[in-house]
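One structure is given here, and the rest of the page talks about it.
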Amino acid sequence: MLASHILKFAIQNADNHRTSVQPPGQVSSATSTPSSYLKHTASHSSLQTGHTYPLGSASRTSNSLPFCICRLLMLISYSPMQFHILVFATFASLIAPFGGFFASGLKRTFNIKDFGDSIPGHGGMTDRMDCQFIMGFFTFVYYQRYAASSSSCPYCAPKLISKYSFIAVYKASVGSVIETAITGLTPEQQMEVVRGLSKHLVNQGVINARVRLIQLTSDHAVLLTHRQRSLNILASSSSAAEAAGRVEGDGPRGPAKLQWASQSHTAKSFPFIWFCIYPFSLSRTMHPFCSAPFVQHIR
Amino acid sequence: MSLEKGHYKFQFTQFAWTHMALYLIVVQAHFVMNNIFEGMIWFFLPASLVITNDIFAYICGITFGRTQLIKISPKKTVEGFLGAWLFTIIFGFALTNFLARYSYFICPVNVSLAHPQIRYSEC
(Lines give C-alpha, C1' and ligand atoms only; values in the text may rest on other atoms or scores of the structure.)
Protein backbone atom coordinates (compact mmCIF):
# COMPACT_ATOMS: atom_id res chain seq x y z
CA MET A 1 0.00 0.00 0.00
CA LEU A 2 2.86 2.31 0.86
CA ALA A 3 4.55 1.43 -2.40
CA SER A 4 1.45 2.25 -4.38
CA HIS A 5 1.25 5.63 -2.67
CA ILE A 6 4.85 6.37 -3.52
CA LEU A 7 4.27 5.40 -7.14
CA LYS A 8 1.16 7.53 -7.32
CA PHE A 9 3.09 10.48 -5.97
CA ALA A 10 5.81 10.01 -8.55
CA ILE A 11 3.27 9.76 -11.36
CA GLN A 12 1.47 12.89 -10.35
CA ASN A 13 4.72 14.79 -10.05
CA ALA A 14 5.76 13.71 -13.50
CA ASP A 15 2.33 14.60 -14.87
CA ASN A 16 2.53 18.08 -13.46
CA HIS A 17 6.04 18.54 -14.78
CA ARG A 18 5.35 17.56 -18.33
CA THR A 19 2.04 19.39 -18.70
CA SER A 20 3.61 22.60 -17.48
CA VAL A 21 6.66 22.37 -19.72
CA GLN A 22 5.29 21.10 -23.03
CA PRO A 23 3.01 23.16 -25.25
CA PRO A 24 0.58 20.83 -27.05
CA GLY A 25 1.33 22.03 -30.58
CA GLN A 26 4.47 19.96 -31.09
CA VAL A 27 2.94 16.60 -31.79
CA SER A 28 1.93 17.23 -35.39
CA SER A 29 5.40 18.26 -36.47
CA ALA A 30 6.88 15.12 -35.03
CA THR A 31 6.02 12.68 -37.81
CA SER A 32 7.11 14.66 -40.87
CA THR A 33 10.66 13.43 -41.41
CA PRO A 34 12.23 10.04 -40.82
CA SER A 35 14.56 11.40 -38.21
CA SER A 36 11.81 12.75 -36.05
CA TYR A 37 9.84 9.62 -36.76
CA LEU A 38 12.54 7.53 -35.17
CA LYS A 39 13.83 10.10 -32.77
CA HIS A 40 10.80 10.87 -30.71
CA THR A 41 12.11 12.54 -27.68
CA ALA A 42 10.70 12.18 -24.24
CA SER A 43 8.55 15.25 -24.64
CA HIS A 44 6.63 14.00 -27.67
CA SER A 45 5.86 10.56 -26.45
CA SER A 46 5.03 11.54 -22.93
CA LEU A 47 2.74 14.17 -24.34
CA GLN A 48 0.90 11.45 -26.24
CA THR A 49 0.46 9.36 -23.14
CA GLY A 50 -0.62 12.50 -21.39
CA HIS A 51 -3.45 12.82 -23.87
CA THR A 52 -4.78 9.34 -23.36
CA TYR A 53 -4.41 9.38 -19.60
CA PRO A 54 -5.21 12.86 -18.32
CA LEU A 55 -3.84 14.27 -15.15
CA GLY A 56 -4.95 12.74 -11.91
CA SER A 57 -6.89 9.84 -13.37
CA ALA A 58 -4.91 7.39 -11.25
CA SER A 59 -6.19 8.77 -8.00
CA ARG A 60 -9.76 8.65 -9.22
CA THR A 61 -9.90 5.26 -10.85
CA SER A 62 -7.65 2.91 -8.95
CA ASN A 63 -5.16 2.72 -6.15
CA SER A 64 -3.94 -0.78 -6.81
CA LEU A 65 -0.24 -1.48 -7.17
CA PRO A 66 -0.32 -3.15 -10.62
CA PHE A 67 -2.23 -0.25 -12.07
CA CYS A 68 0.30 2.21 -10.70
CA ILE A 69 3.14 0.15 -12.13
CA CYS A 70 1.46 0.26 -15.51
CA ARG A 71 1.11 4.00 -15.24
CA LEU A 72 4.77 4.32 -14.33
CA LEU A 73 5.74 2.21 -17.33
CA MET A 74 3.79 4.59 -19.54
CA LEU A 75 5.90 7.48 -18.34
CA ILE A 76 9.01 5.95 -19.90
CA SER A 77 9.69 7.68 -23.18
CA TYR A 78 9.54 5.56 -26.27
CA SER A 79 9.74 5.98 -30.02
CA PRO A 80 7.35 4.35 -32.50
CA MET A 81 10.25 2.33 -33.79
CA GLN A 82 10.47 0.49 -30.52
CA PHE A 83 7.10 -1.08 -31.21
CA HIS A 84 8.27 -2.14 -34.64
CA ILE A 85 11.26 -3.66 -32.89
CA LEU A 86 8.92 -5.77 -30.78
CA VAL A 87 7.81 -7.38 -34.04
CA PHE A 88 11.44 -7.75 -35.10
CA ALA A 89 12.40 -9.37 -31.81
CA THR A 90 9.47 -11.77 -31.99
CA PHE A 91 10.49 -12.75 -35.48
CA ALA A 92 14.13 -13.14 -34.46
CA SER A 93 13.27 -15.44 -31.58
CA LEU A 94 10.27 -17.42 -32.83
CA ILE A 95 10.65 -17.72 -36.60
CA ALA A 96 14.30 -17.12 -37.48
CA PRO A 97 15.47 -20.19 -35.47
CA PHE A 98 13.55 -22.35 -37.90
CA GLY A 99 16.18 -21.34 -40.42
CA GLY A 100 18.58 -23.01 -38.03
CA PHE A 101 16.34 -26.06 -37.83
CA PHE A 102 16.30 -26.15 -41.60
CA ALA A 103 20.08 -26.09 -41.57
CA SER A 104 20.09 -28.87 -38.98
CA GLY A 105 17.85 -30.95 -41.19
CA LEU A 106 20.15 -30.31 -44.10
CA LYS A 107 23.11 -31.43 -42.04
CA ARG A 108 21.31 -34.59 -41.02
CA THR A 109 20.44 -35.34 -44.60
CA PHE A 110 23.96 -35.05 -45.86
CA ASN A 111 25.58 -36.42 -42.70
CA ILE A 112 27.63 -33.32 -42.00
CA LYS A 113 28.38 -32.60 -38.39
CA ASP A 114 29.31 -28.96 -38.78
CA PHE A 115 29.15 -26.66 -41.72
CA GLY A 116 32.60 -25.39 -40.93
CA ASP A 117 35.20 -25.17 -38.20
CA SER A 118 35.90 -21.46 -38.33
CA ILE A 119 34.48 -20.88 -34.84
CA PRO A 120 35.32 -23.72 -32.46
CA GLY A 121 32.37 -24.94 -30.47
CA HIS A 122 29.84 -23.45 -32.81
CA GLY A 123 28.32 -25.05 -35.84
CA GLY A 124 30.53 -23.12 -38.18
CA MET A 125 29.86 -19.84 -39.80
CA THR A 126 26.78 -20.95 -41.70
CA ASP A 127 24.84 -21.87 -38.59
CA ARG A 128 25.23 -18.34 -37.34
CA MET A 129 24.58 -16.73 -40.66
CA ASP A 130 21.38 -18.40 -41.85
CA CYS A 131 19.36 -16.72 -39.12
CA GLN A 132 20.97 -13.43 -40.07
CA PHE A 133 19.99 -13.88 -43.68
CA ILE A 134 16.40 -14.64 -42.83
CA MET A 135 16.33 -11.71 -40.47
CA GLY A 136 17.76 -9.36 -43.10
CA PHE A 137 15.17 -10.49 -45.59
CA PHE A 138 12.40 -9.96 -43.09
CA THR A 139 13.71 -6.49 -42.29
CA PHE A 140 13.82 -5.64 -45.95
CA VAL A 141 10.25 -6.76 -46.55
CA TYR A 142 8.97 -5.11 -43.41
CA TYR A 143 10.77 -1.85 -44.10
CA GLN A 144 9.82 -1.40 -47.69
CA ARG A 145 6.55 -2.98 -48.36
CA TYR A 146 5.40 -1.60 -51.68
CA ALA A 147 8.71 0.17 -52.25
CA ALA A 148 9.37 -1.85 -55.40
CA SER A 149 6.23 -0.51 -57.01
CA SER A 150 7.34 3.02 -56.22
CA SER A 151 10.65 2.65 -58.04
CA SER A 152 9.02 1.19 -61.13
CA CYS A 153 6.40 3.93 -61.23
CA PRO A 154 7.92 7.42 -61.11
CA TYR A 155 4.53 9.07 -61.36
CA CYS A 156 3.17 7.72 -58.11
CA ALA A 157 2.67 10.36 -55.49
CA PRO A 158 5.00 9.81 -52.54
CA LYS A 159 2.14 10.16 -50.10
CA LEU A 160 0.25 7.36 -51.76
CA ILE A 161 3.19 5.01 -51.34
CA SER A 162 4.12 5.85 -47.80
CA LYS A 163 0.53 5.24 -46.81
CA TYR A 164 1.00 1.57 -47.56
CA SER A 165 4.52 1.27 -46.23
CA PHE A 166 5.07 0.41 -42.62
CA ILE A 167 8.09 2.59 -42.03
CA ALA A 168 9.74 3.89 -45.18
CA VAL A 169 9.29 7.59 -45.78
CA TYR A 170 10.00 8.62 -49.34
CA LYS A 171 11.86 11.86 -49.53
CA ALA A 172 12.83 13.68 -52.70
CA SER A 173 16.50 14.28 -53.38
CA VAL A 174 17.97 16.41 -56.14
CA GLY A 175 19.50 13.39 -57.80
CA SER A 176 16.33 11.34 -57.77
CA VAL A 177 14.19 14.18 -59.11
CA ILE A 178 16.59 14.86 -61.98
CA GLU A 179 16.88 11.17 -62.72
CA THR A 180 13.10 10.79 -62.81
CA ALA A 181 12.78 13.77 -65.09
CA ILE A 182 15.49 12.51 -67.44
CA THR A 183 14.21 8.97 -67.71
CA GLY A 184 10.50 9.61 -67.62
CA LEU A 185 9.80 12.91 -69.37
CA THR A 186 10.19 14.23 -72.89
CA PRO A 187 12.40 17.31 -73.37
CA GLU A 188 9.28 19.44 -73.73
CA GLN A 189 7.95 18.16 -70.43
CA GLN A 190 11.36 18.73 -68.85
CA MET A 191 11.16 22.33 -70.02
CA GLU A 192 7.73 22.53 -68.44
CA VAL A 193 9.28 21.35 -65.19
CA VAL A 194 11.99 23.98 -65.43
CA ARG A 195 9.44 26.68 -66.21
CA GLY A 196 7.14 25.71 -63.38
CA LEU A 197 9.98 25.38 -60.93
CA SER A 198 11.48 28.72 -61.80
CA LYS A 199 8.04 30.34 -61.61
CA HIS A 200 7.68 28.84 -58.18
CA LEU A 201 11.11 30.15 -57.20
CA VAL A 202 10.20 33.62 -58.42
CA ASN A 203 7.01 33.51 -56.41
CA GLN A 204 8.98 32.41 -53.38
CA GLY A 205 11.37 35.31 -53.87
CA VAL A 206 14.44 33.10 -54.28
CA ILE A 207 15.33 34.50 -57.71
CA ASN A 208 13.97 37.61 -59.41
CA ALA A 209 11.94 37.58 -62.58
CA ARG A 210 14.65 38.93 -64.88
CA VAL A 211 17.13 36.20 -64.03
CA ARG A 212 14.45 33.65 -64.67
CA LEU A 213 13.73 35.02 -68.13
CA ILE A 214 17.39 34.97 -69.13
CA GLN A 215 17.82 31.44 -67.86
CA LEU A 216 14.80 30.18 -69.69
CA THR A 217 15.84 31.64 -73.03
CA SER A 218 19.38 30.31 -72.77
CA ASP A 219 18.10 26.89 -71.70
CA HIS A 220 15.77 26.77 -74.64
CA ALA A 221 18.61 27.69 -76.98
CA VAL A 222 20.73 24.90 -75.54
CA LEU A 223 17.92 22.44 -76.03
CA LEU A 224 17.37 23.42 -79.66
CA THR A 225 21.05 23.36 -80.59
CA HIS A 226 21.49 19.94 -79.08
CA ARG A 227 18.58 18.55 -81.02
CA GLN A 228 20.12 19.89 -84.18
CA ARG A 229 23.40 18.29 -83.25
CA SER A 230 21.83 14.95 -82.60
CA LEU A 231 20.43 15.02 -86.11
CA ASN A 232 23.89 15.85 -87.39
CA ILE A 233 25.31 12.90 -85.51
CA LEU A 234 22.76 10.63 -87.10
CA ALA A 235 23.57 11.92 -90.55
CA SER A 236 27.31 11.64 -90.43
CA SER A 237 27.50 8.79 -87.88
CA SER A 238 30.65 10.22 -86.48
CA SER A 239 32.64 8.62 -83.70
CA ALA A 240 31.72 8.97 -80.08
CA ALA A 241 34.76 10.98 -79.13
CA GLU A 242 34.07 13.40 -81.93
CA ALA A 243 30.49 13.80 -80.82
CA ALA A 244 31.59 14.44 -77.30
CA GLY A 245 34.03 17.03 -78.52
CA ARG A 246 31.34 18.78 -80.50
CA VAL A 247 28.93 18.83 -77.62
CA GLU A 248 31.61 20.23 -75.45
CA GLY A 249 32.52 22.92 -77.92
CA ASP A 250 30.95 26.25 -78.76
CA GLY A 251 27.42 27.41 -78.23
CA PRO A 252 25.50 28.83 -75.30
CA ARG A 253 25.75 26.89 -72.10
CA GLY A 254 22.86 26.48 -69.78
CA PRO A 255 23.04 24.76 -66.43
CA ALA A 256 24.97 21.53 -66.67
CA LYS A 257 22.14 19.32 -65.55
CA LEU A 258 19.76 20.54 -68.19
CA GLN A 259 22.39 19.95 -70.84
CA TRP A 260 22.66 16.44 -69.62
CA ALA A 261 18.91 16.03 -69.80
CA SER A 262 18.73 17.13 -73.40
CA GLN A 263 21.58 14.85 -74.40
CA SER A 264 19.96 11.86 -72.84
CA HIS A 265 17.17 12.42 -75.31
CA THR A 266 19.77 12.02 -78.03
CA ALA A 267 20.81 8.67 -76.70
CA LYS A 268 17.22 7.54 -76.35
CA SER A 269 16.32 8.48 -79.88
CA PHE A 270 19.29 6.81 -81.49
CA PRO A 271 20.32 3.95 -79.25
CA PHE A 272 21.54 1.90 -82.19
CA ILE A 273 24.04 4.53 -83.27
CA TRP A 274 25.27 4.85 -79.76
CA PHE A 275 25.50 1.10 -79.46
CA CYS A 276 27.58 0.92 -82.61
CA ILE A 277 30.02 3.65 -81.82
CA TYR A 278 30.48 3.10 -78.12
CA PRO A 279 32.76 0.05 -78.26
CA PHE A 280 35.05 1.85 -80.69
CA SER A 281 35.39 5.03 -78.73
CA LEU A 282 38.73 4.74 -77.04
CA SER A 283 38.36 7.62 -74.63
CA ARG A 284 35.75 6.84 -72.05
CA THR A 285 34.30 10.29 -71.85
CA MET A 286 30.81 9.09 -72.63
CA HIS A 287 28.47 8.11 -69.88
CA PRO A 288 27.47 4.48 -70.50
CA PHE A 289 23.74 5.13 -70.23
CA CYS A 290 23.04 8.64 -71.35
CA SER A 291 25.91 9.39 -73.78
CA ALA A 292 26.77 12.55 -71.90
CA PRO A 293 30.36 13.49 -71.22
CA PHE A 294 29.60 13.20 -67.57
CA VAL A 295 32.88 14.09 -65.97
CA GLN A 296 33.28 17.44 -67.64
CA HIS A 297 29.77 18.77 -67.44
CA ILE A 298 28.59 17.82 -64.03
CA ARG A 299 30.22 20.01 -61.51
CA MET B 1 28.03 -30.26 -72.74
CA SER B 2 30.21 -31.57 -69.99
CA LEU B 3 27.48 -33.89 -68.69
CA GLU B 4 28.82 -37.42 -68.64
CA LYS B 5 26.99 -40.65 -68.22
CA GLY B 6 27.55 -42.15 -64.82
CA HIS B 7 28.35 -38.82 -63.23
CA TYR B 8 24.90 -37.30 -63.51
CA LYS B 9 24.17 -37.47 -59.82
CA PHE B 10 27.44 -35.87 -58.84
CA GLN B 11 27.18 -33.17 -61.45
CA PHE B 12 23.62 -32.19 -60.64
CA THR B 13 24.41 -32.21 -56.94
CA GLN B 14 27.23 -29.80 -57.60
CA PHE B 15 24.87 -27.71 -59.70
CA ALA B 16 22.29 -27.56 -56.91
CA TRP B 17 24.87 -26.73 -54.26
CA THR B 18 26.25 -23.91 -56.38
CA HIS B 19 22.83 -22.43 -56.85
CA MET B 20 21.95 -22.73 -53.18
CA ALA B 21 25.19 -21.04 -52.17
CA LEU B 22 24.72 -18.29 -54.72
CA TYR B 23 21.16 -17.75 -53.59
CA LEU B 24 22.12 -17.58 -49.93
CA ILE B 25 25.05 -15.27 -50.38
CA VAL B 26 24.21 -12.98 -53.27
CA VAL B 27 20.46 -12.54 -53.00
CA GLN B 28 20.28 -12.26 -49.25
CA ALA B 29 23.30 -9.99 -49.09
CA HIS B 30 21.51 -7.75 -51.55
CA PHE B 31 18.62 -7.36 -49.15
CA VAL B 32 20.96 -6.71 -46.26
CA MET B 33 22.75 -4.05 -48.30
CA ASN B 34 19.50 -2.32 -49.08
CA ASN B 35 18.74 -2.30 -45.38
CA ILE B 36 22.06 -0.58 -44.72
CA PHE B 37 21.20 2.07 -47.29
CA GLU B 38 17.99 2.81 -45.42
CA GLY B 39 19.97 3.54 -42.29
CA MET B 40 22.53 1.64 -40.31
CA ILE B 41 20.00 0.76 -37.63
CA TRP B 42 18.04 -1.49 -40.00
CA PHE B 43 21.11 -3.66 -40.37
CA PHE B 44 22.61 -3.40 -36.92
CA LEU B 45 19.47 -3.97 -34.89
CA PRO B 46 18.19 -7.16 -36.58
CA ALA B 47 21.68 -8.62 -36.54
CA SER B 48 22.12 -7.89 -32.86
CA LEU B 49 18.63 -9.24 -32.14
CA VAL B 50 19.52 -12.57 -33.68
CA ILE B 51 22.78 -12.73 -31.75
CA THR B 52 21.01 -11.79 -28.52
CA ASN B 53 18.42 -14.44 -29.19
CA ASP B 54 21.09 -17.11 -29.63
CA ILE B 55 22.91 -16.07 -26.49
CA PHE B 56 19.82 -15.97 -24.30
CA ALA B 57 18.50 -19.20 -25.74
CA TYR B 58 21.76 -20.78 -24.60
CA ILE B 59 21.63 -19.16 -21.16
CA CYS B 60 17.97 -19.95 -20.51
CA GLY B 61 18.42 -23.42 -21.93
CA ILE B 62 21.24 -24.43 -19.59
CA THR B 63 19.58 -22.70 -16.62
CA PHE B 64 16.12 -24.24 -16.72
CA GLY B 65 15.93 -26.32 -19.83
CA ARG B 66 13.83 -29.49 -19.44
CA THR B 67 11.60 -30.13 -22.42
CA GLN B 68 12.98 -30.93 -25.81
CA LEU B 69 11.79 -28.57 -28.52
CA ILE B 70 12.45 -30.35 -31.79
CA LYS B 71 13.79 -33.76 -32.67
CA ILE B 72 16.07 -32.56 -35.40
CA SER B 73 18.43 -30.74 -33.05
CA PRO B 74 18.41 -32.41 -29.64
CA LYS B 75 20.03 -29.66 -27.64
CA LYS B 76 17.27 -27.08 -28.02
CA THR B 77 14.62 -26.74 -25.32
CA VAL B 78 11.25 -25.04 -25.06
CA GLU B 79 12.41 -23.07 -22.01
CA GLY B 80 15.37 -21.67 -23.89
CA PHE B 81 13.14 -20.83 -26.82
CA LEU B 82 10.58 -18.85 -24.80
CA GLY B 83 13.10 -17.28 -22.41
CA ALA B 84 15.09 -16.04 -25.38
CA TRP B 85 11.93 -14.51 -26.77
CA LEU B 86 11.29 -12.55 -23.58
CA PHE B 87 14.87 -11.34 -23.23
CA THR B 88 15.17 -10.45 -26.92
CA ILE B 89 12.09 -8.26 -26.68
CA ILE B 90 13.45 -6.46 -23.64
CA PHE B 91 16.87 -6.08 -25.17
CA GLY B 92 15.52 -4.88 -28.51
CA PHE B 93 13.30 -2.32 -26.82
CA ALA B 94 16.21 -0.95 -24.81
CA LEU B 95 18.74 -1.00 -27.62
CA THR B 96 16.37 0.83 -29.96
CA ASN B 97 15.91 3.52 -27.38
CA PHE B 98 19.67 3.92 -27.31
CA LEU B 99 20.46 3.70 -31.02
CA ALA B 100 17.61 5.92 -32.20
CA ARG B 101 19.33 8.91 -30.64
CA TYR B 102 22.18 8.90 -33.15
CA SER B 103 21.75 10.21 -36.67
CA TYR B 104 24.51 7.89 -37.89
CA PHE B 105 22.21 4.98 -37.23
CA ILE B 106 18.85 6.31 -38.33
CA CYS B 107 19.69 8.42 -41.38
CA PRO B 108 19.45 6.87 -44.84
CA VAL B 109 22.45 7.03 -47.12
CA ASN B 110 22.33 9.75 -49.74
CA VAL B 111 23.83 8.94 -53.11
CA SER B 112 23.61 12.08 -55.15
CA LEU B 113 23.70 12.11 -58.92
CA ALA B 114 26.04 15.06 -59.12
CA HIS B 115 28.27 13.86 -56.30
CA PRO B 116 28.36 10.09 -56.52
CA GLN B 117 30.19 9.45 -53.28
CA ILE B 118 28.29 8.00 -50.37
CA ARG B 119 27.39 10.42 -47.65
CA TYR B 120 25.77 9.98 -44.30
CA SER B 121 23.95 13.24 -44.13
CA GLU B 122 21.95 14.63 -41.29
CA CYS B 123 18.33 13.93 -41.98
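Keep in mind that this is a model prediction, so the values were computed, not measured. Below, chains carry the letters A, B, ... as their sequence lines are ordered, and counting in each starts from 1.
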Which pair of heavy atoms, one from [X] and one from [Y], lies closest together, and at what distance?
| X | Y | value |
| --- | --- | --- |
| B:Trp85 | A:Ser93 | CD1-OG, 2.8 Å |
| B:Asn53 | A:Ala92 | ND2-O, 3.2 Å |
| B:Asn35 | A:Gly136 | ND2-O, 3.0 Å |

Sequence neighbours excluded - side-chain hydrogen bond (donor to acceptor under 3.5 Å, both in side chains) pairs with any residue from residues 18-31 of chain B: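 Only B:His30-B:Asn34 qualify under side-chain hydrogen bond (donor to acceptor under 3.5 Å, both in side chains).
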
Rounded to the nearest 0.5 Å, how far does [atom2] of [Y] lie from [atom1] of [X]?
| X | Y | atom1 | atom2 | result |
| --- | --- | --- | --- | --- |
| A:Met135 | B:Phe43 | CE | CZ | 12.0 Å |
| A:Phe138 | B:Leu49 | CZ | CG | 10.5 Å |
| A:Phe133 | B:Ile25 | CZ | CD1 | 6.5 Å |
| A:Ile85 | B:Leu99 | CD1 | CG | 9.0 Å |
| A:Leu94 | B:Thr88 | CG | OG1 | 9.0 Å |

Stepwise side chain to side chain contact (heavy atoms under 4.5 Å, CB included) check, B:Val32 with A:Gln132: CA-CA 9 Å; B:Val32 173; A:Gln132 297 283 6; over 6 Å; no

Enclosure of B:Tyr8 OH (heavy-atom neighbours >12, cutoff 6.0 Å): yes

Max heavy-atom pair count under 4.5 Å with chain A, selected residue of B:Ala57, B:Ala47, B:Ala29, B:Gly92: B:Ala47

Plane angle bin for B:Phe31 and A:Phe140 - parallel if under 30°, tilted between 30 and 60°, otherwise perpendicular: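 Ring orientation of A:Phe140 relative to B:Phe31: tilted.
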
Contact origin within B:Leu45 toward chain A - heavy atom pairs under 4.5 Å: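 For B:Leu45, side-chain heavy atoms alone lie under 4.5 Å from chain A.
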
